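Here is the structure we will look at, set down as structure tokens.
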Amino acid sequence: MKFALSCSTFLIKIEKMLQVKVIREEQKRILNGLRKRNWSAKQLKVIEDILLLDDRRRSNQTELDNILAENNRLSKQIGQLMGQGKKAEAEDLKLLVAAQKEKVKSLEEQQRSIELDLENLLYTVPNIPHKSVPRGKTPEDNQLAKDWKKPFPSLPDDALAHWDLAKKYQLFDFELGVKLTGAGFPVYRGKGARLQRALVQFFLDEAVKAGFEEINPPLLVNEDTARGTGQLPDKEAQMYTCERDGLFLIPTAEVPVTNIYRDEIVALKDLPIKMTAYTPCFRREAGAWGAHVRGLNRVHQFEKIEIVQIVHPDQSYKTLQAMVRHVSGLLHKLELPYRILRLCGGDMGFASALTFDFEVFSAAQKRWLEVSSVSNFETFQTNRMKLRFRDENGKVELAHTLNGSALALARIVAALLENNQTAEGIRIPKALHKYTGFKMID
RNA sequence: GGAGGAAUGGGUGAGUGGCUGAAACCACCGGUUUGCUAAACCGACGUACGGGUAUAACCUGUACCGCGGGUUCGAAUCCCGCUUCCUCCGCCA
């Protein structure tokens with residue numbers, strides 16, 4: 001078997017630099033936004049560097065274009081002279097053009113390296129937080145957007161955490177996962193496996209009912225795709241890689257699904273584009289493991305149903321609210337206590353402009369578990385992947401993208417098991433009965 | 001894995017060295033005609049990056065005919081490498 005070596009590994013595509021225009025025109029807003037992300041004055045210097053580099057890029061471009069224009073003009077003339085049989089005159093002009101060749105070559109090389117440097121700098125700039133994003137550095141600074149007002153499920157003192165319930169009812173097995181793969185790859189079995197499948201079905205059906213097209217994407221993606229949604233170059237360490245093939249296991253369906261429209265100019269009438277996908281998700285989650293990430297709280301492989309929208313910029317914040325409502329509805333139907341957080345500048349992801357996190361209360365652990373993250377990326381992703389649309393005036397414009405988990409399974413399972421445990425067994429919420437085929441785990 | 005063929009604008013497809021950013025047709029858009037629809041006719045119809053005091057449609061330069069490189073004064077057109085797709089054979093869920 002021959003292994004395909006990805007040559008794009010070495011060649012970063014030099015393309016449109018729209019982001020620079022925005023930085024130039026709205027420098028103040030950009031700088032303030034980065035400060036909200038707690039950038040130091042030293043870090044902010046990047047913006048200056050970018051603008052300087054862009055100046056160089058533009059003057060270089062002008063110089064190069066002028067020479068090329070002159071050469072084109074002369075070449076045309078040579079053609080005409082040849083046609084008229086004026087060979088000697090043509091030869092003279094040939095020398096003239098040939099003399100410029102070295103200059104063109106070096107200008108082109110310069111331009112390439114400037115663009116490469118510029119691109120690399122641009123890749124280090126995260127998305128600018130929306131006005132409503134609160135200041136802050138840590139998760140403690142996140143704002144409570146919606147609290148849980150009703151009482152939590154009351155459990156007896158000897159209530160079990162989900163990992164103990166899993167043992168008691170034979171729902172999933174971590175040690176077995178270690179044997180097959182390694183830590184963080186649980187094996188689900190029996191009613192544990194069926195509960196997961198039921199949840200997948202339920203979430204997909206709900207998304208389709210809400211108008212999302214069901215997509216079944218590849219679980220491995222190439223580099224361009226990973227870059228499009230912002231996994232590269234920032235979150236490289238987060239993904240599992242297949243180096244021989246230059247491919248990455250997806251950390252979320254967002255990656256392949258959003259990239260479906262990479263390098264496209266969609267018609268206004270096609271917006272909004274609503275897609276949903278169920279996929280396993282793979283995350284390396286390099287970092288500390290301990291009591292707080294026990295059981296299903298954090299695993300390397302989990303199932304998730306993602307919803308993605310590509311929308312007109314005017315609509316994206318309305319859409320964000322609609323997606324928040326959709327996720328709320330799911331948790332409601334699952335009868336899980338939840339709250340919504342508006343993430344602060346320090347806790348928000350690199351690519352996001354505004355993010356709402358959903359947390360469910362897992363009653364035996366007495367902990368809030370993040371089960372969904374709904375974000376508006378505005379033009380951050382579409383700029384990278386050149387996803388545009390033609391607006392009312394026929395002008396080409398970057399669309400906005402959004403996505404959210406609806407929902408992530410492992411932690412939902414954890415909360416469902418813990419919150420619904422009774423002396424007789426674990427009660428399955430009504431909404432799932434037709435999917436599980438059973439009402440109790442006992 | 002072996003052998004052959006192909007890659008052009010939203011689609012079909014012409015184009016084998018200069019007058020081709022690219023014919024023609026279809027689709028889309030604007031208009032005329034029409035009681036409405038259809039048809040017919042007319043017109044416009046790529047993207048990106050620069051420049052012109054130009055962050056609404058103006059003028060202008062450059063680049064782009066799968067990707068990268070080469071030959072040439074000049075390349076969609078010639079040469080080399082790569083990728084992808086199709087056909088046939090083999091293998092296989």
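Lettering follows sequence order; numbering is per chain, from 1. Below, all heavy atoms of this structure are taken into account, side chains as well, without hydrogens, waters or symmetry copies. If you're wondering where the values come from, they're calculated on a predicted model, not measured in any experiment.
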- request: Check whether any side-chain N or O of A:Arg112 sits under 4.0 Å from OP1 or OP2 of B:rG69, and answer yes or no.
  value: yes

The answer to which of A:Ser59 and A:Ile78 contacts RNA chain B further toward the 5' end, by nearest nucleotide, is A:Ser59

If you measure from the P atom in B:rG70 to the same atom in B:rA76, how many Å do you get, rounded?
15 Å

query = So, A:Lys395 and A:Glu397, do they make that salt bridge, N to O below 4.0 Å?
reply = no

*asked:* Give me the distance, rounded to whole Å, that separates B:rC86 from B:rG50 when you measure between the P atoms they each carry.
replied: 38 Å

The side-chain contact (heavy atoms from CB on, under 4.5 Å) partner of A:Val308 among A:Thr276, A:Ile215, A:Val257 is A:Val257

Picking from B:rC49, B:rU62, B:rG74, the nucleotide nearest the side-chain atoms of A:Gln61 would be B:rC49

- Task: Before giving the answer on salt bridge (charged side-chain N to carboxylate O under 4.0 Å, His left out), spell out for A:Lys45 and A:Glu48 the whole-Å C-alpha distance, their side-chain angles and the decisive distance to 0.1 Å.
- Result: CA-CA 5 Å; A:Lys45 224 185 126 283; A:Glu48 233 176 278; 5.4 Å; no

message = Within the 4.0 Å heavy-atom criterion, would you say A:Leu93 contacts the bases, only the backbone, or no part of the nucleic acid?
response = nothing

B:rA24 to B:rG15 separation - P atoms, rounded to the nearest Å = 15 Å

- Rounded P spacing from B:rC19 to B:rU62 in Å: 13 Å

When both distances are under 3.5 Å in a Watson-Crick or G-U wobble arrangement, the nucleotide paired with B:rU47 is B:rA63

Whole-Å distance, A:Ile265 CD1 to B:rG11 P, equals 12 Å

Per atom distances to the A:Asp65 side chain, the nearest of B:rG51, B:rG61, B:rC73 is B:rG61

Separation of B:rG50 atom P from A:Asp55 atom CG, nearest Å, is 11 Å

Q. Touch check for A:Arg390, heavy atoms < 4.0 angstrom, all strands: base, sugar-phosphate only, or nothing?
A. sugar-phosphate

Regarding A:Asn72, tell me which of base, sugar-phosphate or nothing describes its non-hydrogen contacts under 4.0 Å with the strands shown.
sugar-phosphate

query = For atom C1', what is the distance between B:rG10 and B:rC28, given to the nearest Å?
reply = 8 Å

A:Lys21 has its side chain closest, among B:rU47, B:rG50, B:rG61, to B:rG50

pair_partner(B:rC58), Watson-Crick or wobble, both distances < 3.5 Å, evaluates to B:rG52

Given the P atoms of B:rC67 and B:rA63, what is the spacing between them in whole Å? 15 Å

Here the distance between atom P of B:rU72 and atom CE of A:Met82, to the nearest Å, is 14 Å

Please measure how far the P atom in B:rA14 lies from the corresponding atom in B:rA54, and state the result in whole Å. 45 Å

Mate of B:rA7 across any strand shown (Watson-Crick or G-U wobble, both atom pairs under 3.5 Å) is B:rU83

Charged N-O contact under 4.0 Å between A:Glu206 and A:Lys209
yes

A:Glu109 atom CD is separated from B:rG68 atom P, nearest whole Å, by 16 Å

Does B:rG50 have its OP1 or OP2 closer than 4.0 Å to a side-chain nitrogen or oxygen of A:Arg57? yes

Per atom distances to the A:Leu68 side chain, the nearest of B:rC73, B:rG70, B:rA63 is B:rA63

- Message: Using a 6.0 Å distance limit plus a 45 degree cone around the ring axis, check whether A:Lys191 lies over the aromatic ring of A:Phe438.
- Response: yes

When both distances are under 3.5 Å in a Watson-Crick or G-U wobble arrangement, the nucleotide paired with B:rU12 is B:rA24

note: A:Glu70, atom CD; B:rG61, atom P; distance rounded to Å ~ 13 Å

note: A:Ile67, atom CD1; B:rG51, atom C1'; distance rounded to Å ~ 15 Å

A:Glu25 atom CD is separated from B:rA54 atom C1', nearest whole Å, by 12 Å

Margin query: Between B:rU37 and B:rU32, how many Å separate the two P atoms, rounded to a whole number?
Written below: 13 Å

When both distances are under 3.5 Å in a Watson-Crick or G-U wobble arrangement, the nucleotide paired with B:rC88 is B:rG2

Ranking A:Arg58 and A:Lys105 by the position along RNA chain B of their nearest nucleotide, the one closer to 5' is A:Arg58

When both distances are under 3.5 Å in a Watson-Crick or G-U wobble arrangement, the nucleotide paired with B:rA40 is B:rU32

Quick check: are there more than 12 heavy atoms from other residues, nucleotides or ligands sitting under 6.0 Å from CD of A:Glu70? yes

Using Watson-Crick geometry (N1-N3 plus N6-O4 or O6-N4) or G-U wobble (N1-O2, O6-N3), each under 3.5 Å, B:rC73 is paired with B:rG18

A:Asn71 CG to B:rG61 P, in whole Å, measures 15 Å

Exactly one candidate in A:Leu407, A:Leu334, A:Ile305 meets side-chain contact (heavy atoms from CB on, under 4.5 Å) with A:Leu199; the answer is A:Leu334

Checking B:rG50, B:rC73, B:rU47 against the side chain of A:Asp54 (C-beta onward), the nearest is B:rG50

The reported gap from OG1 in A:Thr401 to CD in A:Gln381 (rounded to nearest 0.5 angstrom) is 3.5 Å

